[in-house]
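When a residue number appears, it is its place in the shown sequence, counting from 1.
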Amino acid sequence: MVRNVAGVMTELEPEDFYLLSGVEQGMRFSEWVNRGKLPQLSGLSPEEVGYRLDRCATRELIERKTIQYEGYTLKAEGYDALALRTFSKRETVDGVGAPLGVGKESDVLEVKSYKPLALKFHREGYTNFREVMRERDYTADNEHVSWLYTARKAAEREYEVLEALYPDVSVPQPIDQNRHAIVMDKFESVELNRAQLPQQQAVGVLELILREMQCAYENGYVHADMSEYNVAVSEDGVTVFDWPQAVSTDHENAHERLCRDISNLLTYFERKYPNSTDRIDAESDTVRIANSIAAGQFESVDAIP
């Protein structure tokens with residue numbers, strides 16, 4: 001887990017951010033930024049660069065490595081600090097609170113603002129840069145040298161999709177985006193994988209999710225990473241979140257990914273709620289439901305064309 005950097009934000013001075021920004025700029029061209037280039041990149045004198053490197057390293061915002069030269073790279077905490085400073089200057093965020101969720105590819109924190117909001121830091125590529133480079137559509141056709149790019153592109157992609165879907169689809173309301181971070185509305189729900197639905201409600205909740213998927217399709221998108229971990233349920237309905245892998249409905253693999261999303265859901269409900277889903281079969285119903293959603297005709301699992 002990446003350390004919550006909010007605790008050191010008040011200790012940082014403007015020149016520290018100049019240094020962090022200089023390292024960020026240098027990482028566009030090299031994973032490790034040559035110390036000799038940092039005065040030009042940061043706008044600081046060589047002496048000031050040395051002082052700021054020590055301050056940022058002590059606070060574990062950057063990492064040093066001696067290869068053929070003395071090089072520096074941003075740690076996730078350093079990139080977080082840059083995004084937080086931007087949100088603060090925009091008056092989007094007043095403070096950072098407790099963690100709301102920690103995953104392999106993101107950290108979500110509660111933030112203080114004019115109302116309770118959630119701050120999501122994308123981590124794609126931070127620990128598995130080459131794997132993400134191979135798998136994600138938003139990196140497949142580009143040459144990069146840094147995980148910063150994949151994390152930022154994931155955040156940009158998700159923010160773009162949320163803006164396109166909200167409020168027609170039950171997704172978190174997007175508020176702001178910078179670098180690898182998104183500020184969005186905080187929703188009071190329980191993740192589907194942790195929910196214990198009454199047996200008689202299981203199919204109804206499944207149908208709610210499928211209708212949201214149909215609405216998303218009508219608005220031009222397939223989630224492409226749907227599972228019990230990306231849906232939250234409450235008394236008010238369902239919320240579908242985590243959209244960085246979404247593809248447009250005219251994508252060459254859109255129907256295949258729609259089928260995979262549906263299969264994941266049906267398989268989960270079959271496994272967890274067998275007594276109420278005995279009339280559903282993931283293997284035989286997936287394609288029919290996908291075709292029904294693509295045609296805008298899905299109403300219920302009992303009325304699949």
Next on the checklist: Please tell me whether H180 and E124 have a donor and an acceptor in their side chains that are separated by less than 3.5 angstrom.
Outcome noted: no

Item to check | Distance-only donor-acceptor check, side chains D242 and H223, under 3.5 Å | outcome: no

For the side chain of [X] and the backbone of [Y], is there at least one donor-acceptor N/O pair under 3.5 Å apart?
X: S263; Y: C259; value: no
X: Y273; Y: L197; value: yes
X: D16; Y: L12; value: no
X: Y149; Y: M27; value: no
X: N34; Y: G71; value: no
X: S21; Y: F17; value: no
X: R157; Y: Q245; value: no
X: S45; Y: E48; value: yes
X: T239; Y: V171; value: no
X: R55; Y: E11; value: yes

Checklist outcome for this item: Paired with T92, the side-chain hydrogen bond (donor to acceptor under 3.5 Å, both in side chains) test is passed by just one of D176, T86, N178, namely D176

Output the distance between atom [atom1] ([X]) and atom [atom2] ([Y]), rounded to the nearest 0.5 Å.
X: E235; Y: S189; atom1: CD; atom2: OG; result: 10.5 Å
X: S284; Y: L266; atom1: OG; atom2: CG; result: 9.0 Å
X: L119; Y: I182; atom1: CG; atom2: CD1; result: 9.5 Å
X: R257; Y: T249; atom1: CZ; atom2: OG1; result: 13.0 Å
X: H122; Y: K120; atom1: NE2; atom2: NZ; result: 4.0 Å
X: E77; Y: L61; atom1: CD; atom2: CG; result: 7.0 Å

Common cluster, [X]/[Y], ILVMFWY with side-chain heavy-atom separation under 4.5 Å:
X: M9; Y: Y18; value: yes
X: V301; Y: I262; value: yes
X: V233; Y: V108; value: no
X: L208; Y: W243; value: yes
X: V203; Y: I293; value: yes

Just checking [X]: does its [atom1] atom have more than 12 heavy atoms from other residues, nucleotides or ligands closer to it than 6.0 angstrom?
X: E299; atom1: CD; result: no
X: Q40; atom1: CD; result: no
X: Y229; atom1: OH; result: no
X: E283; atom1: CD; result: no
X: K75; atom1: NZ; result: yes

Check whether any side-chain heavy atom of [X] sits under 4.5 Å from a side-chain heavy atom of [Y], and report yes or no.
X: R64; Y: R35; result: no
X: I62; Y: L53; result: yes
X: L265; Y: M213; result: yes
X: D281; Y: E270; result: yes
X: R288; Y: D285; result: yes
X: N4; Y: L109; result: yes
X: S227; Y: Y268; result: no
X: R260; Y: V222; result: no

Heavy-atom pair with the smallest gap, counting every atom of [X] and [Y]:
X: D261; Y: D225; result: OD1-N, 3.3 Å
X: A155; Y: A181; result: CB-N, 3.9 Å
X: A282; Y: T267; result: CB-OG1, 3.7 Å
X: L258; Y: A290; result: CD2-O, 3.7 Å
X: F269; Y: A202; result: CE2-O, 3.3 Å
X: L165; Y: Y221; result: CD2-CD1, 4.0 Å

Next on the checklist: Under the criterion side chain to side chain contact (heavy atoms under 4.5 Å, CB included), I'd like the reasoning laid out for S170 against V240: C-alpha separation, chi angles, the key distance, then a yes or no.
Outcome noted: CA-CA 6 Å; S170 183; V240 184; 5.9 Å; no

Checklist entry - Hey, mind stepping through K89 and E91 against salt bridge (charged side-chain N to carboxylate O under 4.0 Å, His left out) and telling me if it holds? => result CA-CA 5 Å; K89 291 174 70 174; E91 300 184 347; over 6 Å; no

Does the pair [X]/[Y] count as a salt bridge with the N-to-O cut at 4.0 Å?
X: D185; Y: K115; result: yes
X: R52; Y: E15; result: yes
X: R152; Y: E156; result: yes
X: E24; Y: R179; result: yes
X: D80; Y: R85; result: no
X: E63; Y: K65; result: no

Item to check | Criterion side chain to side chain contact (heavy atoms under 4.5 Å, CB included) on E228 and E191, from CA distance to verdict | outcome: CA-CA 7 Å; E228 64 270 25; E191 287 183 9; over 6 Å; no

Checklist entry - Parallel under 30°, tilted from 30 to 60°, perpendicular over 60°: which one fits the rings of Y79 and W147? => result perpendicular

Next on the checklist: Using side chain to side chain contact (heavy atoms under 4.5 Å, CB included), reason through V33 and L38 one step at a time and then give a plain yes or no.
Outcome noted: CA-CA 8 Å; V33 184; L38 286 175; 3.9 Å; yes

Next on the checklist: What verdict does the side chain to side chain contact (heavy atoms under 4.5 Å, CB included) test give for R279 and D302, after you've listed the backbone C-alpha separation in whole Å, the side-chain angles of each residue and the deciding distance to 0.1 Å?
Outcome noted: CA-CA 8 Å; R279 64 186 186 274; D302 290 325; 2.7 Å; yes

Next on the checklist: Would S248 and D250 count as a side-chain hydrogen bond (donor to acceptor under 3.5 Å, both in side chains) here? Give the steps.
Outcome noted: CA-CA 5 Å; S248 62; D250 59 4; 2.4 Å; yes

